[in-house]
Each structure stands twice: as C-alpha cells, then as structure tokens.
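Below: the structure, in structure tokens.
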Number of protein chains: 2
Amino acid sequence: MDSPYFSNNTMVYDWSMCSPETTTNTSSILNSAKECAVCGAPSNGYHFNAPSCSACAAFFRRTVTLNRNFQCAQQSICRVNYTMRVICRACRYHKCVQMGMDRSAVQPRRDCNAGRRKMLYHEIKHISSTTSTISNPSPPPPSQIPSYSSSISEEISPNLAIRNDCFEAEQLLDDLLREERLFNERRRMLYCAHSSISDLLTNDNLNDIPFTCSDLRPLTFSGIQKQIRPQILLIYEWLRGWRHFQMLDTSDRFIFLRRCVLYHTVLDPSYLTYRLGFPTKYVMFNAMYVGIDENDQTGWEDEDSCIKSELKKKLYRPLMERTINEIISAMRASNLSFVEFVFLKALVSFKASASSDISKSLKKFMHSHMDLMLKALSLHYQSLGLSKEETAQRTGNLVLMMSNVFAVGMECLESHQKIQFFDLWQLDDLLIKLINRSDR
Amino acid sequence: MDSPYFSNNTMVYDWSMCSPETTTNTSSILNSAKECAVCGAPSNGYHFNAPSCSACAAFFRRTVTLNRNFQCAQQSICRVNYTMRVICRACRYHKCVQMGMDRSAVQPRRDCNAGRRKMLYHEIKHISSTTSTISNPSPPPPSQIPSYSSSISEEISPNLAIRNDCFEAEQLLDDLLREERLFNERRRMLYCAHSSISDLLTNDNLNDIPFTCSDLRPLTFSGIQKQIRPQILLIYEWLRGWRHFQMLDTSDRFIFLRRCVLYHTVLDPSYLTYRLGFPTKYVMFNAMYVGIDENDQTGWEDEDSCIKSELKKKLYRPLMERTINEIISAMRASNLSFVEFVFLKALVSFKASASSDISKSLKKFMHSHMDLMLKALSLHYQSLGLSKEETAQRTGNLVLMMSNVFAVGMECLESHQKIQFFDLWQLDDLLIKLINRSDR
DNA sequence: CTCGGTCAACGGTCAC
DNA sequence: GTGACCGTTGACCGA
C-alpha cells in the first residue's frame, strides 16, 4: 500500500505540482507518468522516483554508481529532449535531478556471483581498465572509480552513500559561487563608472567584490530610487540561478523573491561595507556610499524634490548603525571569507523562505536543502584544513549572523512599510509590491 | 552454444530487421553476420543495420556526419572488397547503402567532453578541487573555437539533408526563442508599471511582446538616460545566452556587444512600435513612447536640466521617421511574425559582428553560423507548411530588412557620435564607451 | 513494478 | 583519411 507510490507522492509530486491547475487535472499526472520527465520519450513508469524512460534511468544509474561528475561545455542551459539527450550529459544529469530523481534511490552494487560468465566479463574489464590506468602517466584515479570487481561490493556501499552526498554538496557550492560571480559581473556592468569595458567583459575576473574603491560615489537617494528596479532584477536572476527555482509555482516564487529582496538588501551592503568602506563609508548595492561618522555629511544632504536631510537621517541612520553593530562588526570579527558570505546569503534566503507560508512538502525539501548547505560548508572548511573545533566555531558564527540579519531585516521591512504608508518619500512601485502583504 | 547471447541476439536483430525475410534460416543470418557485406572482411556484427566490419562502419559514419559526396572516377562499377575497399570511396559508400546501411541510424553529435582523456582530466580535477574553485585557473582554452565538424561541408548535396544540421538548427531556434522570452521577462520586471508581480513570475507567460498598451508611458529623455544602463545589461545577457559567446576572447566580446547595442537599439523599438504603438506612438525599449504625428507633442516637450524640445526634434525626429519608413513599414507589410523577428535580430547581430574586425577563423565560423540560421528559418517555414516560393519570398524580405537596419543603425551611430562630441546632451558613460572607437 | 547487470552497437579519439 | 581502440548507450533480462 505505501511502498513506492506513497513515497513518490510525498517527495516529488507534492511540491512539484503544488500549483492548483496541475493538481486539479488528474490526467496531466497520468500523462506525465507516461512521458519521460527528462527527455520526453515514452516512459514505462517511475525510475528513482521520477517518471522517466529506461534510457534516462540507466544513464542516471550509471552516473551515480560510477560517481561521475560532468561539466557542461555551455552554460548549463542545454535543452534535454528525446533527440538531444546525448548531446550534453551534464545537463541531462541535472535535469534528472531536477525532475526528482533521487541519488539515494540508486542501490549499492549488487553481489553478482550468479554465474561464471559474468565473473569472467568483470575480470576482463577489470584487468583492461587497470592496465590502461597504469600506462597512463597521470595520477591514478582508482580510489575514485569503484572497482568492477564484485567481491568487495559490500565494502563499497557505505562509502558510496557518503560520496553521493559529497557530490551534491560540491555541486551546490559550485552553483552558489557561480551565481555570486554572475551577480558581481552584472553589478559591474550596471554601476561601475570608471572601469573599461574590457574589464567588464573579461573572463578572468574572479574578484569576489564587484567594485573597487575608485568606483565608489557619494550616495543620492534619487540615484537609489532609480536603480532599485534593476537591483530587484539582479536578485531575481540570482534566485533563478538556483536549480530548483523553475519548478516552483508562482506564489512560491513570489515568497522567495520577497524574502530575498528584503534580506539581500541588508546583506549585500554589509559585505561591501565590510570589504570596501569600513570604517568611514557605508556602501550601498550600487557603489554609492554615505558617511558613517555623524559629522560626515556625505550622502546625508538635502535632496530637492526627493527627500530632506533630516528625514534621511531619521529614517536610515538607526538602520545603518544597527547593521554596522550587529552584522558588519561580526563579519569583521570573524574575518568572513567570500565563500562564507555566499553561504550566509544562501542560508538566509532559504531559511527565510522556508519559514514563510509555503507548502509543507516544499518546506521539507527546503530544510533538507539547508542541511546540504551546511554539509557543503563543512566540506569547505575541511578542504581548508580546519579542525573540527574551528569548523564548529565558524559555523556557529555564521548561524548567529543569520539571526542578526533576520532581526535587522525585519526592522528594515517595518521601516519601509511605514515610509510607504505615510508616503514619507517615493519608493519604487515594484518595491512597494514586494513590501506589501498583498500582491496588487 | 552461449544461450544467453543467442537469445539476446535474436531479440535484438528481430527488432532491427522487421522485414519479411525473418522467415529465412537463422544460420544464414548468423553466417552473413560473420562477414562484412560491404568488403567481405570478418565482421563482428551489425552496423547501421547491415552486417559489416567496424572499418566500413566507421567509413559510413564519417561520410554521413561530414555529409560528404563522392564521385567515382570510373563508371561506378568498382569492385569493393577487403583489399580494394579504400580505392574508390564513391563505390564503397554506394555498396554500404546497397547492403542496407541506413543514414538515419547515424546519431547526432554527442557530448564532446566525453572523451577518454578529458574524462580522466575532469575526474582528477573533481577530486583535487573539492572546494577551491576560486584558485582554479580553469585550464580549458577559451579563445579556441573547437572542431565544429559540421561546418566543413565542402561537397554538400542538397537533397541529402544532414541530420546533424537539422539537430543544430532546431537547437538554434530553441535557443533564440528562449533568449528572447527571457529578454522579455527581464524587460517586464524592469519597466512594467501596472502588472502584478504574479504576472511577472509566472511560467506560462509566452507572450512575444513584453508590454501591453496599459504599460506605455510618455517618454522623457531623462528616463531613457537613466535606463540605458540596465538595457545594455539585458543586451549583454542576450548575447551571453548564445552558446558560443563564452568562448570568445575579450576583444571579440567587445565587438559583439558594440554591434548588438547599436542594432538592437534600432530593432527592439521597431518591433514594439509595429506591435503596440503604430501609427500614433513610437515605443522605446522601456515602454516609453513619443508621438509620431508632427502635431503630437507627447515626449517631445522641453525637459529642464536635460534637453530642449527643439534639440530633441532636430536630433531624433529624422531617425524616427527613417526607422518608420524603412523598417517598421516593412515589418507591417510582411506581417512579420515573432519567430521572424527573433531571426532578424540574430542575423543582424551576427552579420554585423562578422563584418567587423574579428579573427579570420571566427569570421568563418560566424558565416557558417548564419548559414545554420537560414537553415533553421527554412525549417521553420517548412513546419508551417509554406511553399518554396513563399519561403523564398519571406526570407528575401528578411534579408532586405537587414540591410535597412544596417543603414538606419549607421545613421544612429553617427548621430550619437556627434551628440557625444559636441556634448549636445548627456549620454550614459557606458554607452559612450560603446559608441567610441577606442576602449577607455 | 522497478531495481541492477548485460552487451551489441553506437560515437569520439588518435597513431598511422 | 583510415581503422583499431575504448568509453557510452539503451533494449533487454532475471530478480
């Protein structure tokens, strides 16, 4: 009664189909089971918890058991369908995962001492692969590739499970770093005043902050006002870079976007200030800054037809000071690294969304996703050679920072709801829609 | 004999040879499978549906993938056997087909990263760089254009449609449509005033224009001035969506971006005006419009601290009128479809860049890329059921439109170079860098 | 019904 | 350009 179907429904369908129009129509569910979710070929049922054809199932099984890691030659945007499925294996694998295939559903290598012939086949394969690796001058990979020999299958299985998790975690870190770099590239193009275009277009730009000190300009509120819309777009692009975002329905996307706009607006300036401006300049998302010191009037002056100096200070100095005291100082104290910042941003974004009014199954998925994030962070620390104590301490710092970000973010939200309600100064109308409770 | 193999073989071969000869003696099938039907060499089974040796199979595969067409120096009566097989390729290929080899059994190009060495390399990299992707210099040479074997089509026979080309053409159309839709989604988020956020975030938005009439607002030059930078970013994102863009070096990227900014600035307003504003409103990229009629002053008024009405009209009315007369009217006359617009945009972008100062090999690649585009367009017309005459006529229209776009674009460029030189009004500094010859 | 194993037939590679 | 070589794929099977 429960076996595969029940688990299928809770794990996959509940959250991939939480949009009303799909759940109402049962035939679409039946149709989706008849068609491979990965390549669209006629499917004969479920494989590894996703409606898929046997070919994609075999592909997925091979990829997992051999612990392969593919790299897309393009930008991980290859179309995967019946005719194109063999073109890019990286994207085919990602689509398998996206469509709900579960790495843990791949069983450990079975004991195959069923017949002489099979053993013979394996021995031959084993010998030939061994000799080829020996003849190769490159470092030998035998520890990575599972042996074809069936005799040690029992010993492999626990390691294999760990490796699967590592694989996912590693992938996650790669995704997050890629998206942050893209975000920086876009910000450079939008806000940099002095860089040459060659600097913007180059491939080698691995900087973890988008600006340099020479890009910083005194803040004007009218400048912020005009550039908040592109900034929201960039946050949306960051969110879309997350592999599972496209599977969310509209209302869940809305929740995620709202949360990210709110908390990124706190986090990004914090990191920029920590890296570029502290202790004199508080740097905003668009490389504009205000003076931190009370006597420094930069950015706090009157702006005709926009906002008065007094109101600026009344509304935003407390927020700025709280951000400095509770977030930026913590970043400085722990000497926050780029990777840690990227994790902090992701954890804040997903934790905030998971605490919102989303479907139960999505909530469950989000929590396992955050577990994976912590796992990836731990692996990162491990690769840096940190001890367990240091790892625990830095992870704890990050989690403490998260709660500070939530607190400051809430104050920021309330403050802007007040601004909008009393019309203290003109906010962008898309921002208002994201601040308000209802969507209109 | 080997019972499992035998049953396997019969099952597989029955499926592939579902012909009336299945009643023939099984042994004769096995005998015939033992020797190559083409050259008589010992064969190891079926290839492309004919019992053949691996050499003849490889020969057939190369011939099909490279779409080669051989000519026999004799009278197409050459004997093809084990010793003579390399003498006449025309007769060898002919015999391949005669013996039942099926061109459609040759599959599309597979993942190029799948090679033995490269795979090993990736796996090693995978191990060593668990998390330190930052320090990874990412060895694969980006400036090198890979093999693109399909572009080496010297001896093309038009009646033998290349399967691979069809795949690539299909992929190309898909990419272009996807990028245009993404472009529209981004424009909606940047410029829409009245849509609800749910409308922006929904997946089902397949509209081919980003705005509705209710989004249109009277133009202000200061508004254009402020929003040109996000627009350049969107053009950059469009360009980056092109699969091969990341393989270009910085200077080539610069050339492409310059060309696209120029011609998209002509093309996008043209399409928007044709679809939304004509004959009263000329619609810009950000949903702002000016009046087309000389008596309609909308958008042409004085703007304090930016630009005077007189200068606006002097600088931009001629450009607008030329765009209407030469481009928009042509779009209207041919009732340009969304897909055609997408192709027009791509053709203009790539043709303009290919005519610039880029490396010879890139130029060659660009031309074959444009050929592929025309092929994809032709396939699209074919799928719509258009006759050859109609296809030729519409393709001709599109090519004529291209040259008009180039002409108007050149005038637009000169006009803005003049504006920048005499400082007639303040242009965005990134735009200036893209207009000027040198990069500084 | 969906696992894993199997192997003929694919594609890519690279000395020759 | 050729063909031996090897890795990958997917229809098929038993469990």
Side-chain angles (χ1 to χ4, degrees), chain A residues 3-5 7-8 33 36 39 41 43-66 68 70 82 85-87 89 92 105-115 117-122 124-125 128-129 131-132 136 145 148 150 153, chain B residues 2-16 33 36 39 41 43-66 68 70 85-86 89 92 102 105-120 146-147 149 152 164:
Chain A
S3 51
Y5 282 112
S7 62
N8 270 344
C36 175
C39 73
S43 119
N44 50 4
Y46 282 79
H47 298 281
F48 310 105
N49 292 342
S52 48
C53 66
S54 62
C56 288
F59 169 78
F60 185 75
R61 174 164 44 89
R62 278 194 302 268
T63 305
V64 173
T65 52
L66 297 177
R68 309 285 309 264
F70 304 119
Y82 180 66
R85 61 187 171 195
V86 292
I87 300 294
R89 294 186 290 173
R92 189 184 188 185
V106 177
Q107 301 169 1
R109 191 169 279 270
R110 283 182 186 172
D111 193 17
C112 35
N113 49 6
R117 302 203 69 268
K118 288 178 184 172
M119 283 304 281
L120 196 61
Y121 172 75
H122 277 128
I124 290 164
K125 289 292 278 192
S128 66
S129 69
T131 48
S132 71
N136 198 311
I145 299 169
Y148 280 96
S150 58
S153 61
Chain B
D2 321 282
S3 50
Y5 287 124
F6 186 79
S7 64
N8 266 343
N9 285 340
T10 47
M11 289 308 290
V12 170
Y13 292 147
D14 266 357
W15 173 80
S16 63
C36 176
C39 71
S43 109
N44 50 2
Y46 280 76
H47 297 281
F48 309 103
N49 293 343
S52 47
C53 66
S54 62
C56 287
F59 168 77
F60 183 76
R61 188 180 61 223
R62 277 195 301 270
T63 307
V64 173
T65 49
L66 298 178
R68 307 202 54 166
F70 306 116
R85 62 186 175 194
V86 292
R89 291 185 290 185
R92 188 183 187 186
D102 181 7
V106 177
Q107 298 171 0
R109 271 179 79 91
R110 284 191 184 171
D111 192 346
C112 293
N113 283 342
R116 286 191 301 276
R117 306 249 166 103
K118 284 177 185 172
M119 213 56 221
L120 197 62
S147 52
S149 56
I152 327 168
N164 285 354

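The chains referred to below are lettered A, B, ... by the order of the sequence lines, with proteins before strands, and numbering in each begins at 1. This is a predicted model, so every value here is computed, not measured.
- When rounded to the nearest whole Å, the span between CD1 of A:I87 and P of C:dC10 equals 17 Å.
- A:F60 has its CZ atom 14 Å from the C1' atom of C:dG4, to the nearest Å.
- Atom CZ of A:R61 is separated from atom C1' of D:dT9 by 11 Å (rounded to the nearest Å).
- Partners of B:T63 according to the side chain to side chain contact (heavy atoms under 4.5 Å, CB included) rule, which considers only residues two or more places apart in sequence or in another chain, are B:F59, B:R68, B:F70, B:Y93.
- B:L66 has its CG atom 13 Å from the P atom of C:dT13, to the nearest Å.
- Between the CZ atom of A:R85 and the P atom of D:dG10 there is a distance of 4 Å, given to the nearest Å.
- By the side chain to side chain contact (heavy atoms under 4.5 Å, CB included) test, B:A50 pairs with B:M101, sequence neighbours left out.
- Atom pair A:N44:CG and C:dC1:P shows a separation of 10 Å (rounding to whole Å applied).
- Summarising the geometry, atom CG belonging to A:L66 is positioned 10.0 Å from atom CZ belonging to A:R61; distances are rounded to the nearest 0.5 Å.
- For the pair A:R89 CZ and C:dG11 P, the computed distance is 14 Å after rounding to whole Å.
- You'll find that the side chain of B:H47 is closest to C:dC10, out of C:dC10, D:dT2, C:dG4.
- Counting distance only, with no hydrogens placed and no angle test, the side-chain atoms of B:R68 and the base atoms of D:dG1 include no donor-acceptor pair under 3.5 Å.
- Of the candidate nucleotides D:dG3, C:dT2, C:dG11, C:dT2 has the atom nearest to the side chain of A:Y46.
- Checked against D:dT8, D:dA4, D:dG10, the side chain of A:A55 finds its nearest nucleotide in D:dG10.
- In this structure, B:Q107 CD and B:T65 OG1 are separated by 12.0 Å, a value rounded to the nearest 0.5 Å.
- When distances run from any side-chain atom of B:A58 to the nucleotides D:dG1, C:dG4, D:dG3, the shortest one goes to D:dG3.
- A:R62 contributes no side-chain N or O that forms a donor-acceptor pair with the base of C:dG5 under 3.5 Å.
- Looking at every heavy atom in both residues, B:C56 comes nearest to B:C36 through SG-SG, 3.8 Å.
- As a whole-Å value, the separation of B:N49 CG from C:dC10 C1' is 12 Å.
- Taking only side-chain nitrogens and oxygens, A:S54 comes nearer than 4.0 Å to OP1 or OP2 of D:dA11.
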